[in-house]
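See structure below.
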Amino acid sequence: ARKRRRKLAGGGGAGGKRYTEGWVEFENKKDARLIGERLNNTPITNHKRSVHYGDLWNVKYLRKFKWEHLTEKVAYERRIREQKMRIELMQARRENAAYAEKVEQGMVLDRIEERRKKRGKSDNGSAKDGNKKKERRFRQTSTMEESTSGPAKKAVLGSLV
């Protein structure tokens, strides 16, 4: 019977623990305070075979706290969680779309490259040029040389100093 229980419990340990926090509503404020004081920091059970043996109650009486406050808080937290999930999904969709677009661009460029290679094979003279990638050139502005002296150079240097 022990083996069967252990197998059902998932190998023993703290498998039975499901709740980390909870709330209790009392009709009478006096009873709530008394139970809060008496249960706080006491063991949940004294039976050694219980899953909750060694666990302690942590009970607090919350002054001026209404049940509506709790439901509002839970609803607010749920809305925030849903909003975060929505934002994460949107971000994942954006990243996925960007990746798909890059893959498509790569495939288009590969097809263009293949066509150029085919064209290069049919034209004997241009086969050598088809293997090279296009070299891009950028125009760069020339620098002021030290030998150049004039009012423009003095004006520029004078404003920096």
Side-chain angles (χ1 to χ4, degrees), residues 1-118 120 130-144 156-161:
R2 262 192 237 169
K3 287 182 182 178
R4 185 169 175 253
R5 249 187 272 137
R6 206 175 282 152
K7 189 177 181 181
L8 290 174
K17 295 181 185 179
R18 293 187 182 138
Y19 302 104
T20 55
E21 62 180 24
W23 295 269
V24 179
E25 182 181 23
F26 292 92
E27 288 183 5
N28 190 351
K29 178 176 160 181
K30 194 174 184 181
D31 291 343
R33 288 183 111 172
L34 185 67
I35 289 174
E37 288 174 10
R38 292 229 176 119
L39 276 182
N40 193 29
N41 211 18
T42 58
I44 292 176
T45 183
N46 291 328
H47 301 291
K48 287 190 177 181
R49 290 186 179 209
S50 172
V51 177
H52 300 290
Y53 183 76
D55 293 340
L56 299 177
W57 286 109
N58 182 9
V59 181
K60 248 186 199 176
Y61 171 73
L62 301 174
R63 234 181 76 205
K64 296 183 179 181
F65 190 81
K66 304 286 184 205
W67 196 255
E68 297 87 42
H69 299 146
L70 176 66
T71 54
E72 285 175 14
K73 181 183 175 195
V74 170
Y76 174 73
E77 288 174 353
R78 189 183 70 242
R79 282 194 307 269
I80 287 179
R81 192 171 47 247
E82 288 172 355
Q83 187 177 10
K84 284 182 181 177
M85 185 66 80
R86 222 176 305 127
I87 289 170
E88 282 183 29
L89 284 173
M90 285 172 49
Q91 180 69 20
R93 281 189 197 126
R94 237 182 277 133
E95 289 174 1
N96 194 12
Y99 177 75
E101 188 178 330
K102 294 286 183 189
V103 168
E104 185 66 30
Q105 285 176 354
M107 290 170 63
V108 168
L109 291 175
D110 287 345
R111 280 188 240 129
I112 291 171
E113 193 68 32
E114 281 180 33
R115 274 190 251 130
R116 285 186 180 163
K117 284 181 182 177
K118 280 184 182 178
N131 294 337
K132 290 185 182 178
K133 289 207 171 191
K134 188 174 182 181
E135 190 175 315
R136 297 177 188 253
R137 296 185 182 196
F138 299 97
R139 198 181 331 174
Q140 186 173 355
T141 57
S142 58
T143 59
M144 270 198 218
V156 170
L157 292 177
S159 65
L160 293 176
V161 179

Any idea which heavy atoms bring [X] and [Y] closest together, and the distance?
| X | Y | result |
| --- | --- | --- |
| Arg111 | Glu104 | NH2-OE2, 3.9 Å |
| Leu56 | Ile44 | C-CG1, 4.0 Å |
| Lys29 | Tyr61 | CG-OH, 3.2 Å |
| Ala32 | Phe26 | CB-CD1, 3.5 Å |

- Message: Under a 3.5 Å cutoff, is there a donor and acceptor pairing between the side chains of Gln91 and Arg94?
- Response: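 Yes.
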- Under the side chain to side chain contact (heavy atoms under 4.5 Å, CB included) criterion, do Glu82 and Met85 qualify, and how do the steps go? CA-CA 5 Å; Glu82 288 172 355; Met85 185 66 80; 5.6 Å; no
Could you measure the distance from the [atom1] atom of [X] to the [atom2] atom of [Y]? Nearest 0.5 Å is fine.
| X | Y | atom1 | atom2 | result |
| --- | --- | --- | --- | --- |
| Arg33 | Arg63 | CZ | CZ | 8.0 Å |
| His52 | Trp57 | NE2 | CH2 | 8.5 Å |
| Arg79 | Glu77 | CZ | CD | 10.5 Å |
| Asp110 | Glu114 | CG | CD | 7.0 Å |

- Any side-chain heavy-atom pair of Lys117 and Glu113 under 4.5 Å: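 Side-chain contact under 4.5 Å: yes.
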- Message: Does any part of the side chain of Ile80, heavy atoms only, come nearer than 4.5 Å to the side chain of Lys84, both counted from C-beta?
- Response: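 Side-chain contact under 4.5 Å: yes.
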- Task: Take Gln105 and Lys102 through the test side chain to side chain contact (heavy atoms under 4.5 Å, CB included) and record every step on the way to the result.
- Result: CA-CA 5 Å; Gln105 285 176 354; Lys102 294 286 183 189; 4.0 Å; yes
- Item | Passing candidate, side-chain contact (heavy atoms from CB on, under 4.5 Å) with Arg38, options Leu34, Thr42, Asn40, Ile35 |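 By the side-chain contact (heavy atoms from CB on, under 4.5 Å) criterion, Arg38 pairs with just one of Leu34, Thr42, Asn40, Ile35: Leu34.
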